[in-house]
Amino acid sequence: GAVVSQHPSRVICKSGTSVKIECRSLDFQATTMFWYRQFPKQSLMLMATSNEGSKATYEQGVEKDKFLINHASLTLSTLTVTSAHPEDSSFYICSARVGWAEGSPLHFGNGTRLTVT
Amino acid sequence: LAKTTQPISMDSYEGQEVNITCSHNNIATNDYITWYQQFPSQGPRFIIQGYKTKVTNEVASLFIPADRKSSTLSLPRVSLSDTAVYYCLVGDTGRRALTFGSGTRLQVQP
């Protein structure tokens, strides 16, 4: 079945450094991927929509210069948290759909736990 | 996007059937109803999706009344491993993302 893979699963970085998170669609092509963020005991919040070959679309309140998204191929989208601070510590999850046929559900990666010290 | 309302939490015992209802009063004609399960520190896992009436798979059943303003996820004979957060999402299956509500935290007791 369709699989969305994220890497790394966990990362710890120092304040001020940048961290890159990869999201891959393993057995299908994804022209669009979605990035979510989840704080402890809270629901998932959509951060941005990643579009292959074009600029990402960010949700209101999400800084595009801080959360850089690159979707250079049909199977890979990356999220780079630049100049990370402790408040950026969160669980980041990507998702994608297999095709655009009516009824195609979203599939999610297993998430990346970012801890900024 | 249609807003969803679910109970914040539910408790059950092993072997019981659990029904989680979700309200989505402003669902649009093109919207599907999708349920996901999430364990701690994992991404949401697709459970079931439907448009109207009843859908059943090997894991759950989804009941959708004719007006589609609500839906009920039914988990037959739950086990301890079904303890998780369950999210009801409503949206079309185009290029837009789905918006998550607060979810229902299901606790299954032995």
Side-chain angles (χ1 to χ4, degrees), chain A residues 1-10 21 23 30-52 54 56-60 62 71 77 90-115, chain B residues 1-9 22 28-53 55 57-60 62 64 68 71 73 84-107:
Chain A
V3 178
V4 176
S5 175
Q6 272 186 252
H7 179 81
S9 58
R10 291 177 176 271
I21 302 170
C23 179
T31 55
T32 302
M33 291 184 177
F34 307 101
W35 287 94
Y36 290 83
R37 178 169 55 182
Q38 186 176 34
F39 292 106
K41 303 293 185 183
Q42 294 187 21
S43 184
L44 284 77
M45 290 181 57
L46 178 65
M47 298 177 65
T49 300
S50 172
N51 302 299
E52 188 268 335
S54 65
T57 304
Y58 291 82
E59 295 299 302
Q60 190 173 8
V62 178
H71 196 150
S77 175
S90 188
F91 192 51
Y92 293 86
I93 311 169
C94 70
S95 67
R97 278 199 180 89
V98 180
W100 303 106
E102 210 169 286
S104 299
L106 273 181
H107 293 275
F108 289 83
N110 262 335
T112 298
R113 174 76 60 193
L114 170 63
T115 303
Chain B
L1 296 173
K3 181 181 177 181
T4 59
T5 303
Q6 304 173 232
I8 296 295
S9 63
C22 178
T29 303
N30 295 333
D31 288 345
Y32 279 73
I33 300 157
T34 313
W35 286 80
Y36 289 86
Q37 175 192 57
Q38 187 182 28
F39 297 112
S41 296
Q42 293 187 26
R45 184 175 75 96
F46 173 83
I47 300 175
I48 197 167
Q49 179 176 284
Y51 184 80
K52 61 181 179 180
T53 64
V55 180
N57 61 21
E58 65 276 8
V59 177
L62 178 59
I64 305 170
R68 303 200 327 123
S71 60
L73 173 71
V85 179
Y86 292 82
Y87 293 98
C88 160
L89 283 76
V90 173
D92 65 31
T93 56
R95 294 182 180 270
R96 293 188 297 172
L98 293 177
T99 299
F100 281 78
S102 58
T104 297
R105 190 171 297 274
L106 173 66
Q107 180 70 49

*Which bit of B:Y51 is near chain A, if near means a heavy-atom gap under 4.5 Å: side chain, backbone, both or neither?*
neither
*In Å and rounded to the nearest 0.5 Å, what is the CG to OG1 distance from B:L73 to B:T34?*
11.5 Å
*asked:* Would you compute the distance between atom CH2 of B:W35 and atom OG1 of B:T104 and round it to the nearest 0.5 angstrom?
replied: 6.0 Å
*Is it the backbone or the side chain of B:R45 that comes under 4.5 Å from a heavy atom of chain A, or both, or neither?*
neither
*Examine whether an atom of B:F39 lies under 4.5 Å from a heavy atom of chain A, and if so say whether it belongs to the side chain, the backbone or both; otherwise answer neither.*
neither
_Between B:S102, B:S41, B:G50, who has the most heavy-atom pairs with chain A when the cutoff is under 4.5 Å?_
B:S41
*Donor-acceptor pair, A:Q6 side chain versus A:C94 backbone, under 3.5 Å?*
yes
*Part of A:L106 lying under 4.5 Å from any heavy atom of chain B*: both
_Residue A:L46 versus chain B: region with a heavy atom under 4.5 Å_ = side chain
_With a 3.5 Å distance limit and no angle check, can you tell me whether B:Q6 reaches the backbone of B:G101 through a side-chain donor-acceptor pair?_
no
*Measuring heavy-atom distances to chain B, does A:Q42 have an atom under 4.5 Å in its side chain, in its backbone, in both, or in neither?*
backbone
_In this structure, is the centre-to-centre distance between the rings of A:F108 and B:F100 below 6.0 Å?_
yes
*Rounded to the nearest 0.5 Å, how far apart are CD1 of B:I64 and NZ of B:K52?*
10.5 Å
